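Note: hydrogens, waters and symmetry copies are ignored here, and every other heavy atom, side chains too, is used. Naming convention: chains lettered A, B, ... in sequence-line order (proteins, then strands); numbering from 1 in each chain. Quick caveat, the model's predicted, so the values are computed rather than measured.
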2 protein chains.
Amino acid sequence: MHAAERERRIFEALRPTGFVSYRDLEVLLDASPATIRRDLTRLEESGQIVRIHGGAKLPEGDDASGPRLMGTSFDQNITQNLGAKQAIGKAAAALCQPGEGVMIDGGTTTLQMCPHLDGLGLQVLTNSLHIVNALLPQAGTRILLPSGAVFREQNIILAPAGEESMPRFHAPRLFMGAAAIGPQGAMQADPVLVAAERRLIDRAEEVILLVDSSKFRTQSGTIVCGLDEIDIVITDTGITPEMAKALQDAGVKLVVV
Amino acid sequence: MHAAERERRIFEALRPTGFVSYRDLEVLLDASPATIRRDLTRLEESGQIVRIHGGAKLPEGDDASGPRLMGTSFDQNITQNLGAKQAIGKAAAALCQPGEGVMIDGGTTTLQMCPHLDGLGLQVLTNSLHIVNALLPQAGTRILLPSGAVFREQNIILAPAGEESMPRFHAPRLFMGAAAIGPQGAMQADPVLVAAERRLIDRAEEVILLVDSSKFRTQSGTIVCGLDEIDIVITDTGITPEMAKALQDAGVKLVVV
DNA sequence: TCATATTTGATCGCTATTGATCGTTTCGAA
DNA sequence: TTCGAAACGATCAATAGCGATCAAATATGA
């Protein structure tokens, strides 16, 4: 293995949490301890990482450590396909008109919209506490919440069945995630999510689905809505031509980033 | 686990209430007692925390006492009179019956109830995102939120005027903070807080006010409610006999911790 | 092909970090 | 006020990580 390849792997390991232990690298690089140390020393001298006893971390400032709420599966999902999700989030944010009101469903992909919403002066209605935390530092973004009980597994706010939980609200756009998408439509693993999302869908003019391409290769539980209810799908280049055609045949506008 | 990760977790645990117990850290860090102590000692020497018997707290804000209107941030207030607030919070939590539903108003004193609510199986309705964060790790506590917009200065959820924002909810007890208390009643500095608290008061059987004794020496803006609407006041030993008598003459039960 | 330069691996002594075990101190409840 | 449990600090041994040096492997160029 070459030095360049090792460096690439080091950064790859570093990105999710901003830290790699020496032990991890020993397995990951399959190189001798001496070589690993030399790599780290070199990267530190060029200022790209900071070495600490037992490993290395990214320099302060550009670490991607976002809001960490709890040690749930959410934290694991958040780093999966992170690059694709970031690109999808950015594309989705570009669809927002300054000053308008939008709804954002909870999810690791929709979460990646938040950094790009700053300065747009939006009104965001969301049921996700993760998204609330991400938007809190943005002084110009107004955050609206529905009433209800906090559902810890997903960190979202769930209204009791049949209860009116949202202030009268209607939005031109709903940004939604999904556990899977196929010819039947968008799907979620947890049925309680379905009920929450149905309520959002009913209040939106336009439904925009944010899914990285791995979601096209998954089957998951309960159908949230058919393709006919989805207006736009934003995904990454991993989508197969067949899927793309199926979506377009169903009248869905497809955005590939 | 490495030192950097442990430090991160310590601050994460410290953020909600400004205090972590040694016991909590033992579970949270999964390290030996000696290592935890060393971490705390190191952080104290660098001035980032203050160690106290049984745990650690955030350093005090600059002005340790005296009247403060608005302007100082929540994070600074959190550490002021922390010891008194913790004791008051503990006493307040002892008033909760297992399994019942209660309302907790936002504030740095009411926040200190949260560590003592674990295991009671309460249903907590709150408008404060700080309290939500403090309660999230407690699996047995059900968290209910009203709908509305997030008001950043206090990190609470405000309903639009006249809007029905809470699920039908009625509670035996409301735990409330205040910026000041005097013969006229409880006062808040910010008028928008008054409106929010009035709404909570109307839904409670019993109103319990949590104020450290410095609040008796302060005058602040807008009256929230008269003494006749307050059932119990919990405060610390700094209260003067005259004030104590005035409260009891007004029919308020006084708890001094 | 051979000589040289670069990179990698191995070994050594040294230091830092951790965990265990004392005796002592502090806090809270009776 | 007294007593017991919990928290504390100090010390020591074990381990893991560190840097330096040298040998081996690989790449480079005449």
Side-chain angles (χ1 to χ4, degrees), chain A residues 1-11 13-14 17-59, chain B residues 1-11 13-14 17-59 81-95 112-113 115-119 234 236-237 255-257:
Chain A
M1 189 181 311
H2 281 314
E5 169 68 6
R6 287 199 309 273
E7 282 193 18
R8 198 188 62 74
R9 293 204 193 185
I10 289 173
F11 283 115
L14 216 39
T17 62
F19 180 82
V20 267
S21 71
Y22 171 81
R23 296 292 204 80
D24 292 342
L25 291 177
E26 206 162 17
V27 176
L28 210 59
L29 304 186
D30 192 32
S32 72
T35 302
I36 295 175
R37 297 223 166 72
R38 271 187 287 257
D39 284 343
L40 295 181
T41 305
R42 180 164 26 84
L43 287 173
E44 179 171 48
E45 277 167 2
S46 70
Q48 299 187 75
I49 64 171
V50 175
R51 293 191 64 179
I52 54 183
H53 195 93
K57 61 170 185 158
L58 289 171
Chain B
M1 186 178 319
H2 298 83
E5 171 69 6
R6 287 199 309 274
E7 280 191 21
R8 197 187 64 74
R9 292 204 193 187
I10 290 173
F11 283 116
L14 215 40
T17 63
F19 178 81
V20 268
S21 72
Y22 171 81
R23 296 292 203 81
D24 290 342
L25 291 177
E26 206 162 17
V27 177
L28 209 59
L29 304 186
D30 191 32
S32 72
T35 301
I36 296 176
R37 283 178 224 293
R38 271 187 286 256
D39 283 344
L40 295 181
T41 306
R42 181 165 26 85
L43 288 174
E44 179 170 46
E45 277 167 1
S46 70
Q48 300 187 76
I49 64 171
V50 176
R51 294 191 65 181
I52 54 182
H53 195 91
K57 62 175 181 128
L58 289 170
N81 293 327
L82 181 62
K85 287 175 179 174
Q86 285 173 325
I88 292 168
K90 186 176 181 183
L95 297 178
Q112 296 300 333
M113 293 178 64
H116 306 284
L117 299 180
D118 202 2
I234 307 180
D236 59 273
T237 52
V255 177
V256 179
V257 295

In terms of side-chain heavy atoms of Arg37(B), which of dA7(D), dG17(D), dG9(C) is nearest?
-> dA7(D)
Please confirm whether the backbone N or O of Ile49(A) pairs with a side-chain atom of Glu44(A), one donor and one acceptor, at under 3.5 Å?
-> no
Interatomic distance, Asp39(B) CG vs dC8(D) C1' [rounded to whole Å] = 15 Å
Heavy atoms under 4.0 Å, any strand shown: does Leu40(A) hit a base, just sugar-phosphate, or nothing?
-> nothing
Integer-rounded Å distance: dA7(D) P and Phe19(B) CZ = 10 Å
Between the CG atom in Leu43(A) and the CZ atom in Phe11(A), the distance rounded to the nearest 0.5 Å is 5.0 Å
Length of the line joining Glu26(B):CD and dA6(D):P, which is rounded to integer Å = 11 Å
Indicate, with a heavy-atom threshold strictly under 4.0 Å, whether Arg6(B) touches base, sugar-phosphate, or nothing.
-> sugar-phosphate
Run the salt-bridge test on Arg8(B) and Glu5(B) with the 4.0 Å N-O cut-off and return the result as yes or no.
-> yes
What is the per-nucleotide protein-contact pattern of nucleotides 20-30 of chain C, from the 5' end, where B denotes a base atom under 4.0 Å from a protein heavy atom, S denotes such proximity for sugar-phosphate atoms only, and - denotes neither?
-> B-----SS---
Asp24(A) atom CG, over 12 foreign heavy atoms within 6.0 Å = yes
Is the side chain of Thr41(B) donor-acceptor paired with the backbone N or O of Arg37(B) at a distance under 3.5 Å, no angle test?
-> yes
Side-chain N or O of Arg51(A) closer than 4.0 Å to phosphate OP1/OP2 of dG17(D) | no
Please state how far atom NE2 in His2(A) lies from atom P in dT6(C), giving the value in whole angstrom units.
-> 16 Å
Whole-Å distance, Glu5(A) CD to dT7(C) C1', equals 16 Å
What's the OH-P distance between Tyr22(B) and dG9(D), to the nearest Å?
-> 11 Å
dA6(D) C1' sits how many Å from Asp24(B) CG, rounded?
-> 15 Å
Can you tell me if the side-chain N/O atoms of Thr35(A) get under 4.0 Å from OP1 or OP2 in dT8(C)?
-> no
How long is the line joining CG of Asp30(B) and C1' of dG19(C), in whole Å?
-> 13 Å
